[in-house]
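Structure record follows, encoded as structure tokens.
Per chain, numbering begins at 1; letters A, B, ... match sequence-line order. Both backbone and side-chain heavy atoms feed into the values below; hydrogens, waters and symmetry mates do not.
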Amino acid sequence: MASIWTVHLHASSSFPLRNCSNELQLRPEFGLDCSNCTFWSRKVKSGKFVVRAVSSDDERRLQNDAIVTQNSEKINAEKNRQLNPVAKLQESISTLPSFVFSTGKFKFGGNLTIGLCIVATILVVVVRGYAARKSRYSRPGSVADLVRRGQLRSDRRGISTPLKYEDPFNNPMVKVSQSNSTVEMCGKVYRLAPVTLTDEQQSVHQRRRSRAYQWKRPTIFLKEGESIPPDVDPDTVRWIPANHPFATTSSDIDEDLAQNNVYQKHGVPFRIQAEHEALQKKLEALQIDQKLNKLVIDPAAARDFERPLKSNMKSESQVEHRPTSDHVNNSFGNKPQSEETQNP
Amino acid sequence: MISLHPKPLPFHFFPKQPKPKTLTLRVQSLLQYNRKPQLAGDTPRVVVITSGKGGVGKTTTTANIGLSLARLGFSVVAIDADVGLRNLDLLLGLENRVNYTVVEVLNGDCRLDQALVRDKRWSNFELLCISKPRSKLPLGFGGKALIWLVDALKNREEGKPDFILIDCPAGIDAGFITAITPANEAVLVTTPDITSLRDADRVTGLLECDGIRDIKMIVNRVRTDMIKGEDMMSVLDVQEMLGLPLLGVIPDDPEVIRSTNRGYPLVLNKPPALAGLAFEQAAWRLVEQDSMKAVMMEEEPKKRGFFSFFGG
């Protein structure tokens, strides 16, 4: 496929100059003879110039695709070039080498282009998928994001991933040598020595200890100063100092009750139930007395229904000694009864 | 730190599953590589972890062995029997989840199952605290209360636990007597220093007087470099003095302090620390009622291969 371009440009229309030399370049392959020279020279004299770009099938010609003729008035051309951006564009186009593709000739190149396109498409798809997956984990506000920002500890999250079990004697971190004389643990090699303790030696030690430490398990704890009950072996008494910081010898919980509490599998715990029942009874008593309009729970009255604990018995006696002002403020923080009755 | 196993360990791709004793749903750990230790003895095995001296690592041992057992697939209840100075919840990172204790159970404020704190990392591990700090447990039936607790745990609906570990307070006071009451076996934790050994010997004597015959010891904070320089008693020296079978030897490891501060027991570390591996091995022996046959003595320079010159 052949193509010939001829470009005529006039000096008045802002000619882009490629070759700044003042000499006129004439090339014999364009077939210009002397008569043309005169013509050209005349044209030059008249201050006009012509640019002819020729392209043909000849590849050698294609490489030298333009002939630039230039007037000697360089200053004017420079000025024009600065003024007109279109001229700049034209210049850049003219600097580009002209390529002529013959589709019949370049089959391999075409396949290569298609292959490159496919590879690029696949690459784009993969990269987009990877970016989407990555952005999923770094979603702001997600749990993973919280872990990343240090707000949440990954190891203390609700359900951690189960660890794969490794035999502590047979894993990559622990290697016993074939001769059983050394072991390598966590990269350090240790010498091994066999344990020589025999059963006989163990029993010797046990006898020694049984002679050295005569001890009976204490079955009763008494404060210093208390008397020993008659049916108790004095050896099994454990004397507790009166100011023992953490322990008390006297239990304020009924033993059977405590045992039942431990064995309870279902239902409401005993104390919660007792308190609930106490409130319920109080309500029923109020309903009977038709005092529902003035629903006030008196802690002194509710105390009667609480569980029978020694501590409560003590506190009960203490409460009784208090002035009756406690009765005025009830547990719900309501106003005193007297005030309510005064209000219309 | 390691015992040579009496019999070679077969490598199983498909681990042996123990025969289910009950039809209850139990969370099993994923045993993907190797075999599972065979549980010896009657369940629940009530193990008290004690020492005489304070600060030798009872609570650390309880936390790490407890979670190791849970990882091995056994159901574990750890009881912090230190009445005044409980710390097991901190080591396990469960301090914010302890709402009820045994004292509330005894008072009837809650049921026993409400006081058990289930670890979310390993749901077959539960924590039970005896009391809140500064609260008082009546000594009159402190020991009895623990026996009731063990009975109640045996008879609970979701099945009895395989292990009940009791973290004992220091000393041989009333707290110690309370803690050892329901125990069938004991783990004595000691360090290789003379003060700890004297207390350990006395405590062993008391345990034996109380009828607990199955006593094994864990020697904690062993430094092989000091043993080599003869500045520290070796594990075999300790064993000679106490005459107790060895359950484990735990090397001194700064990772222990880190894990304590984090509330994340050492045995869950990835990659495992040296002390964590030793705790895992001790837990394995506890399950099989085994003891150490060989102990690590000193560190040897690692043999370098032909390509070590090139960094290989």
Side-chain angles (χ1 to χ4, degrees), chain A residues 155-156 158-160 162-170 173-174 176 180 182-183 185-186 188-195 197 201-202 204-206 209-210 212-213 215-218 221 238 240 245-253 255 257-259 261-265 269-272 307, chain B residues 1-2 4-5 9 29-34 71 83-84 93 105-112 120-121 136-141 148-149 152 156-157 174 177 202 204-206 208-210 224 236 239 242-243 245-246 264 268 272 274 277 280-281 284 292-300 302:
Chain A
D155 55 348
R156 296 271 288 267
I159 300 164
S160 63
L163 294 171
K164 288 177 180 175
Y165 173 69
E166 286 176 354
D167 188 336
F169 303 100
N170 184 18
M173 306 294 286
V174 182
V176 182
N180 284 346
T182 57
V183 62
M185 282 175 75
C186 296
K188 292 178 181 175
V189 180
Y190 295 95
R191 188 172 66 82
L192 288 173
V195 169
L197 184 75
Q201 284 173 323
Q202 279 190 53
V204 167
H205 276 282
Q206 280 182 5
R209 276 193 287 264
S210 66
Y213 310 115
W215 189 69
K216 277 186 183 175
R217 166 188 284 278
F221 295 88
R238 185 80 179 185
I240 300 294
F246 300 123
T248 55
T249 56
S250 59
S251 61
D252 54 354
I253 312 170
E255 193 169 323
L257 192 61
Q259 190 174 5
N261 289 339
V262 172
Y263 288 143
Q264 185 181 4
K265 289 180 186 172
F270 172 77
R271 187 166 164 181
I272 308 294
R307 63 203 175 98
Chain B
M1 315 331 134
I2 185 155
L4 298 183
H5 226 266
L9 291 169
S29 66
L30 294 177
L31 305 182
Q32 299 205 0
Y33 302 123
N34 304 312
R71 284 185 73 204
V83 176
V105 175
L106 291 169
N107 284 334
D109 288 326
C110 68
R111 297 189 309 271
L112 176 60
K120 287 182 181 175
R121 294 165 293 204
K136 294 176 180 179
L137 180 73
L139 284 175
F141 50 90
W148 299 334
L149 284 173
R156 66 177 180 173
E157 286 177 345
I177 296 160
R202 179 153 172 74
T204 312
L206 300 189
E208 284 168 351
C209 289
D210 200 47
T224 48
L236 294 180
Q239 194 175 35
L242 293 178
L246 270 168
Y264 195 75
L268 300 182
L274 198 59
L277 274 173
E280 279 193 337
Q281 294 173 355
W284 186 289
M292 293 180 84
K293 303 292 182 289
V295 290
M296 286 201 302
M297 292 305 291
E298 62 209 30
E299 196 174 340
E300 280 194 346
K302 196 174 178 181

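Here the straight-line distance linking atom CD of Glu255(A) with atom CG of Leu106(B) works out to 10.5 Å at 0.5 Å rounding. Atom-to-atom distance recorded for Leu242(B):CG and Gln202(A):CD is 11.5 Å, nearest 0.5 angstrom. Between the NZ atom in Lys188(A) and the CG atom in Leu274(B) there is a gap of 6.5 Å [rounded to 0.5 Å].
Looking at heavy atoms from C-beta onward, Asn107(B) lies out of side-chain contact with Asn261(A) at the 4.5 angstrom threshold.
Nearest heavy-atom pair across Gly108(B) and Pro269(A) is O-CB, 3.1 Å. Nearest heavy atoms, Ile272(A) versus Asp109(B): CG1-O, 3.7 Å. Heavy-atom minimum distance, Tyr213(A) versus Cys209(B): O-SG, 3.1 Å. Residues Leu236(B) and Ala193(A) share a closest heavy-atom pair of CD1-CB, 4.0 Å. Closest approach of Trp148(B) to Tyr263(A), counting heavy atoms only: O-CE2, 3.4 Å. What you find for Ile177(B) and Arg217(A) is that their closest heavy atoms are O-NH1, 3.4 Å.
At a 4.5 Å heavy-atom cutoff, Ala212(A) makes no contact with chain B through either its backbone or its side chain. Residue Leu206(B) touches chain A through both its backbone and its side chain, counting heavy-atom pairs closer than 4.5 Å.
Annotation: side-chain contact (heavy atoms from CB on, under 4.5 Å) contacts of Gln264(A) (sequence neighbours excluded): Arg111(B). For the salt bridge (Lys or Arg N to Asp or Glu O under 4.0 Å) test, no residue two or more places apart in sequence or in another chain qualifies with Arg202(B).
Per-residue counts of heavy-atom pairs under 4.5 Å with chain B were compared for Lys216(A), His205(A), Gln206(A), Lys265(A); the largest is that of His205(A).
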